[in-house]
Q: 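Pasting in a structure now, in structure tokens, and then I'll have a few things to ask.
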Number of protein chains: 2
Amino acid sequence: MATPAELPVPAEAIDRRARRRLETLEEILDIAEALLREEGVNGLSLSEVARRLGVQPPSLYKYFPSQMAVYDALFERGQRANTDAVLKAIAAAPPGLPAVIAGLEASGRWALANQALAQLLFWRPLANFEPTAHAMEPGLEEFAELRRALADAVRLGQLGPGADSAEALHVAITLIAGAIVTAASNEPHLPWGEGRFSPLFPRLMALLPALYPPAQARRSRTASTGSGSVK
Amino acid sequence: MATPAELPVPAEAIDRRARRRLETLEEILDIAEALLREEGVNGLSLSEVARRLGVQPPSLYKYFPSQMAVYDALFERGQRANTDAVLKAIAAAPPGLPAVIAGLEASGRWALANQALAQLLFWRPLANFEPTAHAMEPGLEEFAELRRALADAVRLGQLGPGADSAEALHVAITLIAGAIVTAASNEPHLPWGEGRFSPLFPRLMALLPALYPPAQARRSRTASTGSGSVK
DNA sequence: GTCTATACTCCGATAGAC
DNA sequence: GTCTATCGGAGTATAGAC
């Protein structure tokens, strides 16, 4: 099991060791994530992680220098998972506005299904915890991809030129964030699509063309009565 | 200082004692609120409260039966403060849609200025804490008042008849909640009105007439080109 | 209604042997 | 990279004297 110290260590063994180390890192984060799910966003205890991993607490410090480093890794993991859900939904939807809507909805579904991690990402429930720039990166990628989808929507004539802007991205994010936080605070046990709040999401998305009306819509709206009503 | 036990206690003394007790209760909550502000929503420690109050921790149990009871009182206090801000803004604004907007904006200002309390109200960052119905009551009052203001807006022709509904109230709440949570998570140190998110609030409010267009707007919109754009 | 004393559990983190 | 041992606290809550 242990490599005798006096023998030269073959390169494969180093790889194996590195791989094993990565596996342990992931295992620690799996346990930490489960703990957050069970105990709430402030429920991470390194002692409990060690207990579940079957090691003594000091051993964890070979993998993470502090509790906050674990939180930071969880933050990055959450950003990664949320971003993956969004990118996947965007890729699967027709380009343009449908992709924007699909991406935002995927973010909402993910957040309600992972509320403790979502709180870590979307608010700041822990004093003295500031995510590192590295942990934030997936979120930037998500923002960039949503903005690309908005630009597609402008190109396709689904939204007006103003939608190709940082402001439009922020509006879209505000709409999904509102749906998430109202659902989570008022109906934390209901999944996306049930209750009084998350079902409003399609109506909120219909507001994007109202805020950034495409040229055709402007013309057609003046030609027909009552089309000013959104959905 | 202490009333001798063998003497009959005058009624004023009982009142004084009750008043003094209420004062202490408020003082405890003041300290607890300050602690939340300093340490985050999960930073309430009864030992620290006792330290700052200048008593020993066990003494606090004469006022609150448990830590969760303190959290519940803080929850109610937050609801009360937020609701007061909203009601005051509604009362000071012209009735109808301006009152709705003023009320929601007041809620946003309060939330950004009291983020730890706001997290307690608007998300569920603490495992094993469920606010009591009593602590929720001010929130219900706020919802009812906002809905009255929406009904006024319908009566005044500022919004269409659909705005006199629970759904419209939920939409309005979703919009302000989105503004709050995006500002708090992305720019926690900026006050309301600065940064990339809370300044979008007026544009979001302009979406209410887009969702629930009043009769006149429908007519005037068909008569003029380009007015389909919101704001 | 205050205190002392205490029971009990828990935590994050470090030193140093192996 | 694991462990034991330990530091140096933290905390909530209760019992009981005064």
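So you know, we letter chains A, B, ... as the sequences are listed, proteins then strands, and number each from 1.
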Q: For residues 175-188 of chain B, pull every pair meeting side chain to side chain donor-acceptor pair (under 3.5 Å), keeping only residues two or more places apart or in separate chains.
A: B:Glu187-B:Arg196
Q: Could I get a table of every N or O pair under 3.5 Å where one atom is in the protein and the other is in nucleotides 15-18 of chain C?
A:
none

Q: Take the angle between the ring planes of B:Phe129 and B:Tyr71 and call it parallel below 30°, perpendicular above 60°, tilted in between.
A: tilted
Q: With sequence neighbours excluded, what pairs up with B:Thr132 under the side chain to side chain donor-acceptor pair (under 3.5 Å) test?
A: B:Asp72
Q: Between the side chains of A:Asp84 and A:Arg80, is the shortest nitrogen-to-carboxylate-oxygen separation below 4.0 Å, so that they form an ion pair?
A: yes
Q: If you take all heavy atoms of B:Val55 and B:Leu60, which pair is closest and at what distance?
A: CG2-CD2, 4.3 Å
Q: A:Asp152: which residues meet the side chain to side chain donor-acceptor pair (under 3.5 Å) condition with it, sequence neighbours left out?
A: A:Arg155
Q: My understanding is that only residues two or more places apart in sequence, or in another chain, count here; which of them pass side chain to side chain donor-acceptor pair (under 3.5 Å) with A:Arg124?
A: A:Glu130
Q: By a strict heavy-atom criterion of less than 4.0 Å, which residues belonging to residues 66-78 of chain A are in contact with DNA chain C?
A: A:Ser66, A:Gln67
Q: Whole angstroms only, please: what is the OH-P distance between B:Tyr61 and C:dT6?
A: 19 Å
Q: Whole angstrom is fine here: how far is it from OH in B:Tyr63 over to P in D:dA13?
A: 17 Å
Q: Quick one: B:Arg20 CZ to C:dG1 P, roughly how many Å, whole number?
A: 10 Å
Q: Using five pairs at each end of the helix from C:dG1-D:dC18 to C:dC18-D:dG1 to define an axis, what is the angle between those two axes, to 10°?
A: 0°
Q: Nearest-Å distance, CD (A:Gln56) to P (D:dC3)?
A: 6 Å
Q: Which donor-acceptor pairs under 3.5 Å do side chains of residues 99-107 of chain A form with protein atoms, sequence neighbours excluded?
A:
from     : atom 1 : to       : atom 2 : distance (Å)
A:Glu105 : OE2    : A:Arg109 : NE     : 3.2
A:Glu105 : OE2    : A:Arg109 : NH2    : 2.8
A:Ser107 : OG     : A:Asn82  : OD1    : 3.2

Q: Applying side chain to side chain donor-acceptor pair (under 3.5 Å), can you list everything that pairs with B:Glu145, at least two apart in sequence or on another chain?
A: B:Arg148
Q: Taking salt bridge (Lys or Arg N to Asp or Glu O under 4.0 Å) as the definition, give me every residue that meets it alongside A:Glu39, ordered by chain and number, with sequence neighbours left out.
A: none
Q: Just checking B:Phe64: base, sugar-phosphate only, or nothing, at a heavy-atom cut-off of under 4.0 Å?
A: nothing
Q: List for me each residue that meets salt bridge (Lys or Arg N to Asp or Glu O under 4.0 Å) alongside A:Arg19, sequence neighbours excluded, and say none if there are none.
A: none
Q: Can you tell me how far C1' of C:dC11 sits from CG of A:Asn128, to the nearest Å?
A: 15 Å
Q: In whole angstrom, what separates B:Arg17's CZ from C:dG1's P?
A: 7 Å
Q: Using a heavy-atom distance cut-off of less than 4.0 Å, which residues of residues 21-55 of chain B contact DNA chain C?
A: B:Arg21, B:Gly54, B:Val55
Q: Can you tell me how far apart CD (A:Glu141) and CG (A:Leu146) are? Round to the nearest 0.5 Å.
A: 11.0 Å
Q: With a 4.0 Å cut-off, would you call A:Arg52 and A:Asp30 a salt bridge?
A: no
